[in-house]
Novice: 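Got a structure for you, questions after.
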Amino acid sequence: MPQSRTLLFASLLALTFSSPAPASEAPRLVEHNGRHALLVDGAPFLILGAQINNSSSWPSVLPQVWPALEAMHANTIEAPVYWEQLEPQPGQFDYSTVDALVHGARDHHLHLVLLWFGTWKNGNMHYVPVWVKTDTRKFPRMINAAGEPIDVLSANSDSNRDADKSAFTALMRHLKEIDSTDHTVLMIQVENESGAIGTPRDFSPASNKEFAGDVPAALLKAMHKPRGSWTEAFAGKADETFQAYHQARYVNEVAAAGKREFDIPMYSNVWLSYPPAELPERQIPNPGIGYPSGGPVQDMISLWKAFAPSIDIIGPDIYSDDSAFYREILNTYNRPDNALWIPETGSGDSFAKFFFYALGQGAIGFSPFGIDRTNWTYTGEDGPKLHTENYALLAPMDREIARLNFDGKLKTAVEEPGSTSQELDFGPWQASVRFGFPQPDGRRPPGTSDHHGRALVAQISPDEFLVTGVDASIAFHVPGRLPGMRMQILRAEEGHYENGVWHMTRLWNGDQTDRGLNFRHIGTVVRIRVGTF
Ligand code: DGJ
């Protein structure tokens, strides 16, 4: 390619950030043509996240936590902040855990996503302080259809919301004091898998009265429904919609109050609605039993977007490794108004390839759950294996990957049973990906025994690509022609990025390139320049 075209392409990429943010700017989300980026110190950042276990944020436990993050090559730790610990007495705050997390993350060259375990944790209220748990008059519980209080604070109570809001505000004020320059903290998760397990909605007398009346006009408008009662407008989803409406506004008020103190991205994570495996006719959403009612599950995203504008992202926690379900969830939560961010997923090997699916959909980050070696999920030197492979591969070039993805230049291929060859389309160039080795002539690629093959190709200039993969060969060709026909490899450099600069270690040629670029070994990255003749 002529030098002038290379320069033009490079300047176009640079222009994506026409006015780069100053290094002191707080993290923020940006959207361009339906694609999203988390800007950290003015440039896109890819969260290679890892969430620690629920009781691992304590200063006494953290020394055992940090080595696991390092071993995994994560660049970000997700860690809870507990309301019961932060505010042991009303209005008295103890920041020791938050401080230990922020300073520990800095000492270990990590960013931090803090998880506010406030009113809700997994559809219950287990992290609220004792003074909230024991004062049920002031801090009312949800009431189930039988008229009994349950183990969930009511989302329909101003005093519950205001108590949470005041604690969350104190947390954000403190973060502003300690982190407005360093930006160790990237984002805040407001509540954890919010919603009610035990009832589809609040059946208190006040809520029943409200439910018997008309649906608020703003909700009808947002959901494109005609005037009417809750049951007329929402039929079988009336209870859940009622709860989601109240809960989204509750969480929004908490988030908005926190943002007034320190304006960094905030998100809600989701306990999804999983279809039961057995019979198709049982695949009916079961709010309050199958998943917490009121949360931003698949059907409630639009409602939450309308009534919780201070929540920037709704991020699904994905604990099924059923590939069709996983991909459906990525599609559902990847929207022009919602950056794709997976705050929790399984740490097992069967979940690792989904990181490549997520990247292919422009995800800003990904985070397996429960990675610390505190004798809960892992002990000794044990830890996630394939997630670690992924992070080790991408960590040295995480900024480059984030930028190329935001610019729409990155594509991925992932092996599935029976699908061992795939095409990636870059217009004038295509990449044929073939999974598994050996790949003898006259045979289809064999795939891998557990279907873990994965590949990533990013276009760095019109004829130049950054390529990597695991158990994959990748061959470039022009559309409608085989590799080598009217095209050739001009240069294939194996190497790595270091602080944004590419370092070549050797050229690939011969057996390493004649049947595609062969990624048999983990951790290899190639920059290839191709040309036509
Ligand atoms: C999802 C929750 O959000 C986490 O805090 C943790 O409880 C995991 N489930 C356990 O699998």
Side-chain angles (χ1 to χ4, degrees), residues 47 49-58 61-62 65 68-69 72 74 76-86 97-98 101 112-128 151-153 164 168 187-198 247 251 254-255 266-274 287-298 300 304 311 313-322 325-326 329 333 341-352 354 365-379 382-384 387:
I47 301 180
Q51 185 167 152
I52 62 175
N53 281 300
N54 290 165
S55 305
S56 297
S57 278
W58 290 88
V61 183
L62 284 175
V65 165
L69 272 294
M72 208 177 149
T76 302
I77 169 175
E78 277 184 41
V81 176
Y82 320 113
W83 186 4
E84 62 179 348
Q85 182 278 327
L86 184 86
T97 296
V98 179
L101 284 167
L112 176 62
V113 170
L114 287 174
L115 319 172
W116 172 234
F117 283 14
T119 297
W120 289 281
K121 162 73 173 81
N122 299 16
N124 285 118
M125 51 172 283
H126 296 169
Y127 282 86
V128 309
D151 190 16
V152 187
L153 276 191
D164 187 324
F168 188 67
M187 301 202 286
I188 308 284
Q189 179 186 291
V190 189
E191 315 295 344
N192 190 86
E193 294 189 344
S194 66
I197 285 289
Q247 197 182 301
V251 173
V254 173
M266 298 199 180
Y267 72 93
S268 289
N269 67 331
V270 192
W271 176 335
L272 294 165
S273 167
Y274 292 89
I289 297 175
Y291 58 91
S293 186
V297 289
Q298 297 91 313
M300 295 291 153
W304 268 73
I311 293 295
I313 307 179
I314 299 171
D317 294 347
I318 318 180
Y319 282 100
S320 164
D321 64 0
D322 178 280
F325 178 79
Y326 209 108
I329 293 299
Y333 285 86
W341 154 236
I342 295 93
E344 286 183 43
T345 197
S347 66
D349 287 349
S350 60
F351 288 86
F354 298 118
F366 189 82
S367 184
F369 176 81
I371 59 85
D372 52 81
R373 302 151 167 178
T374 45
N375 303 328
W376 185 255
T377 32
Y378 297 107
T379 53
D382 201 12
H387 286 298

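Indexing begins at 1, ligand by ligand and atom by atom, following the structure's order.
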Novice: Counting from 1, what ligand 1 atoms have a heavy atom of Asp317 closer than 4.0 Å?
Specialist: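 Selected atoms, number and element: 3 (O).
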
Novice: Can you list the ligand 1 atoms lying under 4.0 Å from a non-hydrogen atom of Asn192?
Specialist: 2 (C), 3 (O), 5 (O)

Novice: If the cut-off is 4.0 Å to any non-hydrogen atom of Glu193, which atoms of ligand 1 fall inside it?
Specialist: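 Listed by number with element: 1 (C), 2 (C), 3 (O).
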
Novice: Assign the ring pair Tyr127 / Phe117 to parallel, tilted or perpendicular, where the plane angle (0 to 90°) is split at 30° and 60°.
Specialist: perpendicular

Novice: When the ring planes of Trp116 and Phe168 are compared, do they come out parallel, tilted or perpendicular, using 30° and 60° as the limits?
Specialist: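 Trp116 and Phe168: tilted rings.
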
Novice: Just to be sure I'm reading this right: ignoring hydrogens, which of Thr377, Asn122, Asn53, Val270 gets closest to atom 7 (O) of ligand 1? Compare them by their nearest heavy atoms.
Specialist: Asn122

Novice: What's the verdict on side chain to side chain donor-acceptor pair (under 3.5 Å) for His126 and Asp151, showing C-alpha distance, side-chain angles and the deciding distance?
Specialist: CA-CA 8 Å; His126 296 169; Asp151 190 16; 2.6 Å; yes

Novice: Are the side chains of His387 and Phe366 in contact, using a 4.5 Å heavy-atom criterion?
Specialist: yes

Novice: For atom 1 (C) of ligand 1, which protein heavy atom lies nearest, and how many Å away is it?
Specialist: Glu344 OE1, 3.0 Å

Novice: Would you say the ring centroid of Tyr274 lies under 6.0 angstrom from that of Tyr291?
Specialist: no

Novice: Who's the nearest protein heavy-atom neighbour of atom 6 (C) of ligand 1, and how far?
Specialist: Phe369 CZ, 3.5 Å

